[in-house]
Amino acid sequence: MTGSSYTRRRFLALSSVAATGLAISACTGASVGGSATTAAPTNKLRLFTYDDDTTIGMLRAQVKKFDEQNGTTTTVDNLPGSGAAQYPDKLRTELLGGSGPDLWRIWGGQIGAPFAKAKQAADLAPYYQKFGWDSSINTAAIAGMTFDGVKAGVPFTARGVGAWYNMELLAKAGVDVPPTTYAELEKMNERLVAAGITPCGLGGKYGWHIMRLFEYLLEHTAGPQLHDKLLLGQESWDRPEVVEAFTLFKKWQDNKWLPEGALGLDPADVGNWYVQGKVAYDLEGQWSEVSAILAAKKDPAQFGNFQLPTDHTPVRHSGFVEGYMLNARSGNKDKAAALLDFLLKPDSQKAMQVTSSTVKGAEADPKELPLSAGWDQKYGSSPFYTIQDQAFPKQQSDQYFSVQSDLLQGKVTPAAAAKKMQEIVSAWVRN
């Protein structure tokens, strides 16, 4: 996840349309529209997040520990499950209304960029210096929360998406080893269906979960260089490689390689089906070991993961950075930053079972999280392409999800879907 061939070039390119001149004082803050209004300081803090229901308790426990040590009272509000489909909009509505949390969890790329551009997120450079985050946090991941040179967020995790699978179900279908080519992956799917097993568990509600399949297929059909250019709007989407990816996407549904009625399924429900034995595998990241396997009190030795084969060199997987931003209007910047620093300590990261942490000294323990540690060891230095709901701004992501849905419902052809995507991306690039 920290390979030099990804990191700074990719995130800065994707964030180039973002913030300009974010100059927010650590003392005064700034409001939307530029007025110098800062809330009055108090001992009360509010943190907004989208933690999974299985991990929110661990976050709240660490926040409580901080409060007890510092005389603060912190409210932790959570909106799990909806991903980038709803969470950023709710956060934006609060901030535009003149309030909002002191701290919020957010993805990097084009999801985090608008909060920096609108000067809703404070410049954290003074706190990077105060707490030594430049040396304690992976510098490549920091680039994912840096917009036009401004450190508007601090990352705590860098994720990689791959196939997480149920060993028993693959063995039942006669699959002894994971596929190493796309053709082998399709053959594996066919063998699973023949054995009465649904291959891949993905839910289409909100769009972002099933998106992980299409972006992988696009990496396969287009290759790394073209895929990156498509995400940046530097090449037309109305081309054979994109049509082929949409054709394969429809094939996965039509061949029953996805659950029946996948478009209506909630990712919060489907994401652990491979653990329950309802599907053979899912496209997930290191968080799945805690939120799905351990939460179900299952033995990680019954499961495995592998990087999806793309038939290209280098083999890349989907990846993204997550972190926290600090409200530019908060009257409690110093206290909120101190809470953030507390959560970024190795002990806190371990207590919250954060997998793929960007914090040095908080790497996954092979004894406690063998699958996460194994992924990091095998693929941690691999380059990755930016997960597509971070590569595009919210409006374009929503339009993109509609194209996916229309295609799988048979409302548009693969060729028409490619043309529509070109319209969506070109409109964004022009703006």
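None of these values were measured; they are calculated from a predicted model.
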- Message: Salt bridge check, K420 against E423: does any charged N sit closer than 4.0 Å to a carboxylate O?
- Response: yes

- Message: Donor-acceptor pair, distance only, cut-off 3.5 Å: does the side chain of N70 make one with the backbone of T72?
- Response: no

- Query: For A116 and A152, which heavy atoms make the closest approach, and how far apart are they?
  - Reply: CB-CB, 3.8 Å

- Task: With R105 as the cation and Y50 as the aromatic partner, state whether NZ or CZ is under 6.0 Å from the six-membered ring centre and within 45° of the axis.
- Result: yes

- Message: To the nearest 0.5 Å, what is the distance between OG1 on T157 and CZ on F320?
- Response: 7.5 Å

- Message: Please check this pair: side chain of N332 against backbone of T42, looking for a donor-acceptor N/O pair closer than 3.5 Å.
- Response: yes

- Do D102 and S330 have side-chain atoms, one donor and one acceptor, less than 3.5 Å apart? yes

- To the nearest 0.5 angstrom, please state how far the CZ atom of F384 sits from the CD atom of Q307. 11.5 Å

- Looking only at atom types and distance, does a side-chain atom of S348 sit under 3.5 Å from a main-chain N or O of L344, one as donor and one as acceptor? no

- Message: Side chains of N43 and K335 only: does a donor on one sit below 3.5 Å from an acceptor on the other?
- Response: yes

- Message: Students often mix this up, so state it plainly: with edges at 30° and 60°, are the rings of F66 and F342 parallel, tilted or perpendicular?
- Response: tilted

- Note on the structure: Nearest heavy-atom approach of I111 to P88 is CG2-CG, 3.9 Å

- Is there a donor-acceptor pair under 3.5 Å between the side chain of S288 and the backbone N or O of E284? no

- Query: Do N327 and L95 have side chains that get closer than 4.5 Å, going by heavy atoms?
  - Reply: yes

- Query: How many angstroms lie between CH2 in W164 and CG in D282, if you round to the nearest 0.5 Å?
  - Reply: 11.0 Å

- Task: With the side chain counted from C-beta on, respond yes when F246 and V403 share a heavy-atom pair under 4.5 Å apart, and no when they do not.
- Result: yes

- Mutual orientation of the aromatic rings belonging to F392 and Y400 [parallel < 30°, tilted 30-60°, perpendicular > 60°]: perpendicular

- Note on the structure: side-chain contact (heavy atoms from CB on, under 4.5 Å) with T310: of T221, V315, T181, L185, only one passes, and it is V315

- Atom pair CG/CZ of L308 and F306 - distance to nearest 0.5 Å: 5.5 Å

- Which is it for L218 and Q388 under the side chain to side chain contact (heavy atoms under 4.5 Å, CB included) test, yes or no, and what are the steps along the way? CA-CA 11 Å; L218 185 60; Q388 287 182 356; 3.6 Å; yes

- Between D67 and K64, is the closest basic N to carboxylate O distance under 4.0 Å? no

- Task: Kindly give the heavy-atom pair with the smallest separation between L294 and Q353, and that separation in Å.
- Result: CD1-OE1, 4.4 Å

- Message: Side chains of L339 and T74, heavy atoms from C-beta outward: is any pair under 4.5 Å?
- Response: yes

- Name the one of T75, L343, N78 that satisfies side-chain contact (heavy atoms from CB on, under 4.5 Å) with L47? L343

- Which word best sums up how the rings of H227 and Y385 line up, parallel for under 30°, tilted for 30 to 60°, or perpendicular for over 60°? tilted

- Query: If you measure only the distance, is there a donor-acceptor pair under 3.5 Å linking the side chains of D398 and Y206?
  - Reply: no

- Query: How are the rings of F303 and Y274 set relative to one another: parallel (under 30°), tilted (30 to 60°) or perpendicular (over 60°)?
  - Reply: perpendicular

- Would you check if the side chain of K333 reaches a backbone N or O of A328 as a donor-acceptor pair within less than 3.5 Å? yes

- E186 with K251: basic N within carboxylate O range, under 4.0 Å: yes

- Least distance between heavy atoms, L283 atom then V161 atom: C-CG1, 3.9 Å

- Residues V429 and G233: closest non-hydrogen pair is CG2-CA, 3.8 Å

- Message: Would the distance check show the side chain of Q422 and the main-chain N or O of W237 forming a donor-acceptor pair, the cut-off being under 3.5 Å?
- Response: yes

- Exam field: side chain D52 to backbone T54, donor-acceptor pair closer than 3.5 Å: yes

- Task: Begin with the C-alpha distance, continue with both residues' side-chain angles, and end with the deciding distance and a verdict on side chain to side chain contact (heavy atoms under 4.5 Å, CB included) for F156 and L340.
- Result: CA-CA 10 Å; F156 69 92; L340 183 51; over 6 Å; no

- Query: Does some side-chain heavy atom of P414 sit less than 4.5 Å from a side-chain heavy atom of F249?
  - Reply: no

- Task: Taking the side chain as every heavy atom from C-beta outward, state whether L230 and L226 have any atom pair closer than 4.5 Å.
- Result: yes

- Query: For the side chain of D311 and the backbone of Y182, is there at least one donor-acceptor N/O pair under 3.5 Å apart?
  - Reply: yes

- Query: Does one side chain, of T355 or R159, offer a donor that lies under 3.5 Å from an acceptor on the other?
  - Reply: yes

- Message: Under the rule for ring pair (Phe, Tyr, Trp, His ring centres under 6.0 Å), what residues qualify as partners of H209, not counting sequence neighbours?
- Response: none

- Side-chain donor or acceptor of W273 paired with backbone N/O of D269 under 3.5 Å: yes

- Query: Checking side chain to side chain contact (heavy atoms under 4.5 Å, CB included) for the pair K411/L407: CA distance, chi angles, key distance, verdict?
  - Reply: CA-CA 6 Å; K411 295 180 179 179; L407 176 82; over 6 Å; no

- Item | Between T49 and D51: side-chain donor-acceptor atoms closer than 3.5 Å | yes

- Donor on one side chain, acceptor on other, Q390 and T386, under 3.5 Å: no

- Query: For the atom pair CG (L59) and CE (M352), what is the distance rounded to the nearest 0.5 Å?
  - Reply: 6.0 Å

- To the nearest 0.5 Å, how far apart are NZ in K278 and OG1 in T198? 11.0 Å

- Query: Can we say D228 and R316 salt-bridge, meaning some charged N sits less than 4.0 Å from an Asp/Glu carboxylate O?
  - Reply: yes

- Query: Does a side-chain heavy-atom distance below 4.5 Å link W428 with Q395?
  - Reply: no

- Whether Y128 and W133 hold their rings parallel, tilted or perpendicular, with breakpoints at 30° and 60°: perpendicular

- salt bridge (charged side-chain N to carboxylate O under 4.0 Å, His left out) against D53, all qualifying residues, sequence neighbours excluded: none

- Item | Ring geometry between H317 and W375 (parallel below 30°, tilted from 30 to 60°, perpendicular above 60°) | perpendicular

- Message: Tell me the closest heavy-atom pair linking P101 and E94, and the distance in Å.
- Response: CD-OE1, 3.7 Å

- Message: With a 4.5 Å cut-off on side-chain heavy atoms, are D89 and K394 touching?
- Response: yes

- Item | Criterion side chain to side chain contact (heavy atoms under 4.5 Å, CB included) on F401 and Q404, from CA distance to verdict | CA-CA 5 Å; F401 297 155; Q404 288 185 156; 3.8 Å; yes

- Pair Q302, N166: side-chain N/O donor-acceptor within cut-off below 3.5 Å: no

- Task: Scan side-chain atoms only and decide if Q349 and S357 contain a donor-acceptor pair under the 3.5 Å cut-off.
- Result: yes

- Message: Under 6.0 Å from the ring centre and within 45 degrees of the ring axis: does the NZ or CZ of R46 meet both conditions for the six-membered ring of F48?
- Response: yes

- Sub-3.5 Å donor-acceptor pair from the side chain of Q286 to the main-chain atoms of S356, do we have one? no

- Is R239 salt-bridged to E235, going by a charged N under 4.0 Å from an acidic O? yes

- Task: Answer whether the closest heavy-atom distance between the side chains of P155 and I137 falls below 4.5 Å.
- Result: yes

